[in-house]
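The structure appears below as structure tokens.
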Amino acid sequence: MLLDLIVGARPNFMKIAPVIREIERRAAEGTAINYRLVHTGQHYDRSMSGSFFEDLGMPEPHVNLNAGSGTQAGQTAGIMLGYERLLAEKKPDLCIVVGDVTSTMACAITAKKMLVPVAHIEGGIRSGDMTMPEEVNRIVTDSITDYFFTTSDTASQNLKKCGVTDDRIFFVGNTMIDTLLHSRPRFRKPAVWDEMNLREKSYIVLTLHRPNNVDDPANLSHLLEEISDSSGNLPLIFPVHPRTRKVIKESGMTVSPTLSLTEPLGYLGFNYLVERALAVITDSGGITEETTVMGVPCMTLRNSTERPETVTMGTNELLGTNPDAIAPAMQKLLSGQWKKGTIPPLWDGHTSERIIEIISKLFDRKTA
Ligand code: UD1
């Protein structure tokens, strides 16, 4: 059996790393599953890609499609052309895509048209916000996926509502949390810790990269101002995504001295900071899952989430994109009234084992 494992952008790497680890663990026990790790090249900077391979102990990709940046259509087309060429040379038995980035959708479409079955890890989640490219990617990918590995019962229900039959939906938990729990003992103090004299629970971590929040400089500047004005002089550590960096640089924006802008951090360094932070302010989806598992208060600057369990069970609160919502939330945090939260079912560090077990059985059945 040959599996294609597709990665392209930063949040993909932590979702695939534990799947590879499980395949290799089984190989060491004598059960061979072959895989081809395909990097689309959507993210290419060391800070957005290479450092994650090192931090997560991932092997070098077998293939890099070098698609690079571009418009949504240009990037999608580049990835599809590259992957189509690869599939023309050799087809796998199954193409496994993860998450909701452009690489996920582009490779799923290409595989399916070349008659390769598709499995989607993190299938079924929905924000309902069609202005997000990720939501379009999720819906398109799931409309042609054969096997769904879901992170929550809500995701499984979303798929059933679309007519997906039970035998193709597997609620297995969250591979991103496999990586978090596996890596936690190795979290590593990043340079900014000593540079800024940080102390546990006395600073806030900030990340922003959604087009809605960062593409308009006036809006971004207003958000950053509200965040620093309401955070009571606590240091704010802000690892800046390249997209956001570009807007700050090109607009000549000045930011408050309580904000420390850093380059994007590696996985181990970033999560060292998050684990010890008083809170995180973000517009990422994945980070809300990690803060939920580590019990760190999280404020999400979005109007919707595709991960509702981080709000209903976890430590996350949706503040929306209106900067006025930040001050009252910060008040709640600083007066020690943030909710405690619990960990969602099956976010237990063993999801990849369940996935590989299911895939093996599916293929045993097919070849029997
Ligand atoms: C992508 C994902 C998003 C994910 C995010 C995490 C899509 C639609 N979006 O958004 O879901 O949360 O990754 O980072 O797939 N750039 C660099 N170096 C890089 C990569 C990007 O400088 O290594 C710059 C380029 O100018 C590029 C811009 O960042 O145009 C945006 O990159 P892109 O991959 O298009 O989307 P992200 O905003 O990173």
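Sequential numbering from 1 along the given sequence is applied to the chain's residues. Because only heavy atoms are used, hydrogens play no part in the values below, and waters and symmetry mates are left out as well, while side chains stay in. Indexing begins at 1, ligand by ligand and atom by atom, following the structure's order.
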By ring-ring contact (aromatic ring centres under 6.0 Å, His included), which residues pair with Tyr35, not counting sequence neighbours? His62

Inter- and intrachain pairs under ring pair (Phe, Tyr, Trp, His ring centres under 6.0 Å), touching residues 165-197, at least two apart: Phe149-Phe170, Trp193-Tyr203, Trp193-Tyr272

Enumerate the residue pairs fulfilling ring pair (Phe, Tyr, Trp, His ring centres under 6.0 Å) with a member in residues 330-368, sequence neighbours excluded, ordered by first and then second residue. none

I'd like to know if Glu122 and Arg138 make a salt bridge, using a cut-off of under 4.0 Å between side-chain N and carboxylate O. no

Kindly assign one of parallel, tilted or perpendicular to the pair Phe13 and His39, based on the angle between their ring planes and the thresholds 30° and 60°.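 Taking His39 first and then Phe13, their aromatic rings sit tilted (interplane angle of 30° to 60°).
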
Pairs under 3.5 angstrom, nitrogen or oxygen on both sides, ligand 1 versus protein: list them out, please.
unit_1, atom_1, unit_2, atom_2, d
ligand 1, 9 (N), Glu134, OE2, 3.3
ligand 1, 11 (O), Glu134, OE2, 2.6
ligand 1, 12 (O), His209, NE2, 2.8
ligand 1, 13 (O), His43, NE2, 3.4
ligand 1, 14 (O), His241, NE2, 3.0
ligand 1, 15 (O), Gln42, NE2, 2.8
ligand 1, 15 (O), Thr102, N, 2.9
ligand 1, 15 (O), Thr102, OG1, 3.3
ligand 1, 18 (N), Asp45, OD2, 3.0
ligand 1, 23 (O), Tyr44, N, 2.9
ligand 1, 23 (O), Asp45, N, 2.9
ligand 1, 26 (O), Lys246, NZ, 3.1
ligand 1, 34 (O), Gln42, NE2, 3.2
ligand 1, 34 (O), His43, NE2, 3.2
ligand 1, 38 (O), Arg243, NH1, 3.2
ligand 1, 39 (O), His43, NE2, 2.8
ligand 1, 39 (O), His241, NE2, 2.9

Donor-acceptor check, side chain of Asn174 to backbone of Met176, threshold 3.5 angstrom: yes or no?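 Judged by distance alone, yes, a pair lies under 3.5 Å.
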
